[in-house]
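What you see below is based on every heavy atom in this structure, not just the backbone, and it leaves out hydrogens, waters and symmetry mates.
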Amino acid sequence: MKLTHDLLERKQSLFILLVILVVAVGGIVEIVPLAFQKSVTEPVAGLKPYSALQLTGRDVYVREGCYNCHSQMVRPLRAEVERYGNYSVAGEFVYDHPFQWGSKRTGPDLHRVGGRYSDEWHRLHLLNARNLVPESNMPGYPWLASTPANAADIESKMRALRIVGVPYSDSEITAAKGELDGKTEMDALIAYLQNLGTANRRAH
């Protein structure tokens with residue numbers, strides 16, 4: 001059977017199979033080499049694993065769908081770098097499973113938000129964003145201030161993350177529940193937000 005353009009037009013199943021094959025090979029050629037580049041697999045200088053409080057805050061961030069409106073990746077474009085600071089690099093996210101890059105920006109990018117505002121500013125913003133930014137369409141999250149941070153499974157989460165390469169020590173895991181004692185979900189979320197993008201600044 002001679003493979004001709006006419007044959008491909010008549011044999012749709014063959015055409016689909018060949019398209020899948022070409023896309024698969026192209027994807028492998030593009031993606032596999034990245035797994036062996038140090039700039040992709042090694043943490044940037046100054047990057048530390050999330051503390052128990054920050055890790056809990058990250059879970060709140062994901063649960064509440066913050067990634068639906070906020071990205072966490074500064075793209076290497078002039079306008080973005082001028083607005084948000086240094087563009088994001090893969091080494092900043094090696095301890096994120098999964099990373100929270102996102103693509104939609106109903107709200108601003110959050111990757112460099114760490115340390116830009118005070119804890120109290122974040123608290124007021126989470127309670128009612130329009131008190132601080134009148135044009136905001138972000139809803140309020142008042143229940144976070146009265147909901148205790150979940151310490152029940154923090155140790156098992158940290159152990160699971162250690163299996164995939166996050167360098168938590170036994171002492172950090174043992175102390176995790178104590179770190180969350182008396183903290184609310186809002187405290188945890190603020191701790192997570194205040195950490196975003198700080199490794200890049202420490203490295204520079």
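- Under a hydrophobic clustering in which Ile, Leu, Val, Met, Phe, Trp and Tyr are joined whenever their side-chain heavy atoms come within less than 4.5 Å, directly or via other members, Tyr168 and Val164 fall into the same cluster.
- With rounding to the nearest 0.5 angstrom, the OG1 atom of Thr106 is 6.5 Å from the CG atom of Asn137.
- At least one side-chain heavy atom of Leu126 sits under 4.5 Å from a side-chain heavy atom of Met138.
- With respect to Glu92 and Arg112, a salt bridge is recorded, a charged nitrogen being found less than 4.0 Å from a carboxylate O.
- A 6.0 Å sphere centred on NZ of Lys183 holds no more than 12 heavy atoms belonging to other residues, nucleotides or ligands.
- Residues Tyr95 and Gly165 approach most closely at CE2-O, 4.1 Å, considering heavy atoms.
- Distance check, rounded to the nearest 0.5 Å: CG of Asn195 to CG of Leu47 gives 8.0 Å.
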Going through the checks in order, is the side-chain contact (heavy atoms from CB on, under 4.5 Å) test met by Leu124 and Asn131? CA-CA 8 Å; Leu124 293 172; Asn131 286 340; 5.9 Å; no

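- Checked for salt-bridge contact, Asp109 and Arg75 miss the test: no charged N lies under 4.0 Å from a carboxylate O.
- The closest side-chain heavy-atom distance from Leu144 to Glu64 is below 4.5 Å.
- Under the ring pair (Phe, Tyr, Trp, His ring centres under 6.0 Å) test applied with His111, the options Trp101, Phe99, Tyr67, Phe93 reduce to a single match, Phe93.
- Put simply, the side chain of Leu110 reaches to within 4.5 Å of the side chain of Tyr61, judged on heavy atoms.
- Smallest separation of non-hydrogen atoms from Thr184 and Ala145: CG2-O, 3.3 Å.
- The ring of Tyr50 has its center closer than 6.0 angstrom to the ring center of Tyr192.
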Test log, rule side-chain hydrogen bond (donor to acceptor under 3.5 Å, both in side chains), inputs Thr56 and Asp59: CA-CA 5 Å; Thr56 302; Asp59 289 342; 5.5 Å; no

Report the C-alpha distance between Thr174 and Glu155 in whole Å, list the side-chain angles of each, state the deciding distance to 0.1 Å, and finish with yes or no for side-chain contact (heavy atoms from CB on, under 4.5 Å). CA-CA 7 Å; Thr174 302; Glu155 292 181 1; 5.6 Å; no

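- In this structure, Gln194 contributes its side chain and Gly114 its backbone to no donor-acceptor pair below 3.5 Å.
- Under a hydrophobic clustering in which Ile, Leu, Val, Met, Phe, Trp and Tyr are joined whenever their side-chain heavy atoms come within less than 4.5 Å, directly or via other members, Met186 and Trp143 fall into the same cluster.
- Inter-residue side-chain proximity for Asp96 and Arg58 is flagged as met; some heavy-atom pair is nearer than 4.5 Å.
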Does Val60 form a side-chain contact (heavy atoms from CB on, under 4.5 Å) with Thr147? I'd like the steps, not just the answer. CA-CA 11 Å; Val60 173; Thr147 306; over 6 Å; no

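- Placement of Leu21 and Val29 within a single hydrophobic cluster is found when ILVMFWY residues are connected by side-chain heavy-atom separations under 4.5 Å, directly or transitively.
- Pairing each heavy atom of Val113 with each of Leu193, the nearest pair is CG1-O, 3.4 Å.
- Taking the charged nitrogens against the carboxylate oxygens, Glu185 and Arg63 do have a contact shorter than 4.0 Å, which makes a salt bridge.
- When the side chains of ILVMFWY residues are joined at heavy-atom separations under 4.5 Å, either directly or via intervening members, Leu14 and Val23 end up in a single hydrophobic cluster.
- Judged by distance alone, with hydrogens and angles left aside, the side-chain atoms of Gln54 form a donor-acceptor pair with the main-chain N or O of Ser51 at under 3.5 Å.
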Yes or no on side-chain contact (heavy atoms from CB on, under 4.5 Å) for Val166 and His97, after CA distance, side-chain angles and deciding distance? CA-CA 9 Å; Val166 182; His97 299 281; 3.9 Å; yes

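- Between Ala149 and Leu180, the shortest heavy-atom contact is CB-CD2, 4.3 Å.
- No donor-acceptor pair closer than 3.5 Å links the side chain of Ser136 to the backbone N or O of Arg130.
- Residue Asp153 comes nearest to Ser156 through the heavy atom pair O-OG, 2.8 Å, listed as atom of the first residue, atom of the second, then distance.
- Between Glu172 and Lys48, none of the side-chain N atoms (NZ, or NE/NH1/NH2) sits under 4.0 Å from a carboxylate O, so this pair counts as no salt bridge.
- Annotation: side chain of Val94 is not in contact with side chain of Glu42 (no heavy-atom distance under 4.5 Å).
- Nearest heavy atom pair, residue Ala176 against residue Met158, reads CB-SD, 3.5 Å.
- Taking 4.5 Å as the limit, some side-chain heavy atom of His70 sits within range of a side-chain heavy atom of Pro108.
- Met73 and Tyr87 sit in two unconnected hydrophobic clusters of ILVMFWY residues. Membership requires side-chain heavy atoms under 4.5 Å apart, directly or through other members.
- Within the model, atoms CD1 of Ile190 and CZ of Arg123 stand 4.0 Å from one another, a figure rounded to the nearest 0.5 Å.
- For Glu30, the CD atom counts as loosely surrounded, since its 6.0 Å shell holds 12 or fewer non-hydrogen atoms of other residues, nucleotides or ligands.
- Judged by distance alone, with hydrogens and angles left aside, the side-chain atoms of Gln100 form no donor-acceptor pair with the main-chain N or O of Gln72 at under 3.5 Å.
- Exactly one of Val19, Ile20, Leu18 qualifies for a side chain to side chain contact (heavy atoms under 4.5 Å, CB included) with Ile16. That residue is Ile20.
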